[in-house]
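Working notes, structure below.
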Amino acid sequence: MNSNTSNPLSNIPGIDSLLSTDAGNQLIKKFGHKAMVDTLRDQISSLRKEIQQDPTALIPDDETLLAQAETDLGQRNASSLKPVINLTGTVIHTNLGRSLLPRSAIEQMQLIGASASNLEFDLQTGKRGDRDTHTEQLLAELTGAEAATVVNNNAAAVLLVLNTLAKNKEVPVSRGELVEIGGSFRIPDIMSGSGCKLVEVGTTNRTHLKDYAQAINSETAMLMKVHTSNYEIQGYTKSVDEFELANLAREHKLPFVTDLGSGTLVDFEQLGLPPEPTVQQAITSGADLVTFSGDKLLGGPQAGIIVGSHALISQLKANPLKRALRVDKVTIAMLFEVLKLYRNPDTLVAALPTLRHLTRSVNEIERLAHKLVPEFAAQLGEFAEVSAVPCESQIGSGSLPTARLASWGVSITPSDTTRRHEQTLQLIIQGFRNIPIPVIGRVQDGTLIFDLRTLDNPEHLITQLSHVSIP
Ligand SMILES: *Cc1c(COP(=O)(O)O)cnc(C)c1O
């Protein structure tokens, strides 16, 4: 580099000269001319400031400046949304994206995402079609309902039902069912947002049929039962079951709606899991509409599914809000593939990640824990004690709130005596987050636990371990 001691600023290379080098040309091909000019301009302007403050500061050579531009642009282009390895022990983890999709759904998503499709086009008549036709028949077949429609999520499903059937009217709901789910979904808020008036009946722990009966008047639009999915009241409790409520609604010629929240289509007890009401049971008990999530226990994409009578589903479809809440083609493609798996109970569990994880044998998880302990220990030996421990997984997403599934994990307990226990623990947790594919565990009694129930690919995890470094 020429040195011009009288004015060090003149030694800073120009953007054009940097871009005209071979390396500069390569980067233009990779990131585009405009992005390169913008980045180099930022770099050079901060370099000028640096030199103005300290005229003896070193001016980097062209190669270094271009390498820095490449790093900056690479980071700016990296997706903020990226895969992580969920070893929290919560199988359906809302903050980590809930259900993992089966292979068949991913293939279909690629196919439909990349191509035009008959999303709303009737191939028989050549006329405009209805996007619900692609899933409605299968939903009816699997749930025993007459008709179905699909919206963006279950919160949207509840909103659409209330807005369609109960706007400016009253809906009695048991006090014990006025739930908040994950802070963003509160039944009372959804009710006011949908324009209907909530009438609280009963008490937090006990609600009787007569409480509902007394609340019914000429302003009542419907009866509703909400599955209290993320908490459980134990002790002196009473709630009114669906069958009784359905009969009461029928006597008063009112629709009866059940918000199941998770809503499974299979008998959980047969799978060795804690019991969970099925959509079929809700329909058999007399619900006129049932709402449930696509990405909770069903194991599919984010969606809100509404099944029920022809007449009521038609009313929902005619509400302009349905247009605002509709799902896209990729969701429909995935949902169909997930639902299809339920047609064959013999292969369902193996094919659907959510059910496979929930039913995984504890012996298999234990073997995996013992196998992985040396891999973790090799990486953390000087900071922590690593061992295989029994632990308990949760289902998550408000499903079966008190149920725990026996599991095994790798526990990491700080043993570094030069720092405080909590400080080392936080450094270790961060070490596992600051790697290309972050590994997320949970802390329990001062120990970091990686529950292996949801680990599908141990080799993949081992590769990530080699990136972990604790300062
Ligand atoms: C989870 C849940 C919802 C919201 O479902 P999303 O699909 O997350 O929008 C509504 N009601 C109940 C009872 C739930 O458990």
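Note that ligands are numbered from 1 as they come in the structure, with each ligand's atoms numbered from 1 the same way.
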Legend entry - Check: Ala155 N/O within less than 3.5 Å of ligand 1 N/O: yes
Inset, instruction - List for me each residue that meets salt bridge (charged side-chain N to carboxylate O under 4.0 Å, His left out) alongside Lys322, sequence neighbours excluded, and say none if there are none. - result: Asp132
Inset, instruction - For ligand 1, find out whether one of its N or O atoms is nearer than 3.5 Å to an N or O atom of Asn154. - result: yes
Inset, instruction - Would you give the length of the straight line joining atom CZ of Arg453 to atom CD of Glu364, rounded to the nearest 0.5 angstrom? - result: 10.0 Å
Inset, instruction - Determine whether any heavy atom of Val158 lies closer than 4.0 Å to an atom of ligand 1. - result: no
Inset, instruction - May I ask you to decide whether Lys169 forms a salt bridge with Glu219, counting only side-chain N to carboxylate O separations under 4.0 Å? - result: no
Inset, instruction - Decide, yes or no, whether a salt bridge links Glu276 with Lys296 under the criterion of side-chain N to carboxylate O below 4.0 Å. - result: no
Inset, instruction - Could you tell me which residues satisfy side-chain contact (heavy atoms from CB on, under 4.5 Å) with Thr331, sequence neighbours excluded, listed by chain and number? - result: Pro301, Ala303, Val327, Asp328
Inset, instruction - State whether the shortest distance between N or O atoms of Asp259 and N or O atoms of ligand 1 falls below 3.5 angstrom. - result: yes
Legend entry - Heavy-atom nearest neighbour of atom 6 (P) of ligand 1 within options Gly263, Ser293, Ala157: Ser293
Inset, instruction - Could you list the atoms of ligand 1 found under 4.0 angstrom from a heavy atom of Gly261? - result: 12 (C), 13 (C), 14 (C), 15 (O)
Inset, instruction - Select the closest option to atom 14 (C) of ligand 1 among His227, Lys296, Arg98, judged by heavy-atom distance. - result: Lys296
Inset, instruction - Identify the heavy atoms of Ala156 and Leu325 that sit nearest to each other, and give their distance. - result: O-CD1, 3.7 Å
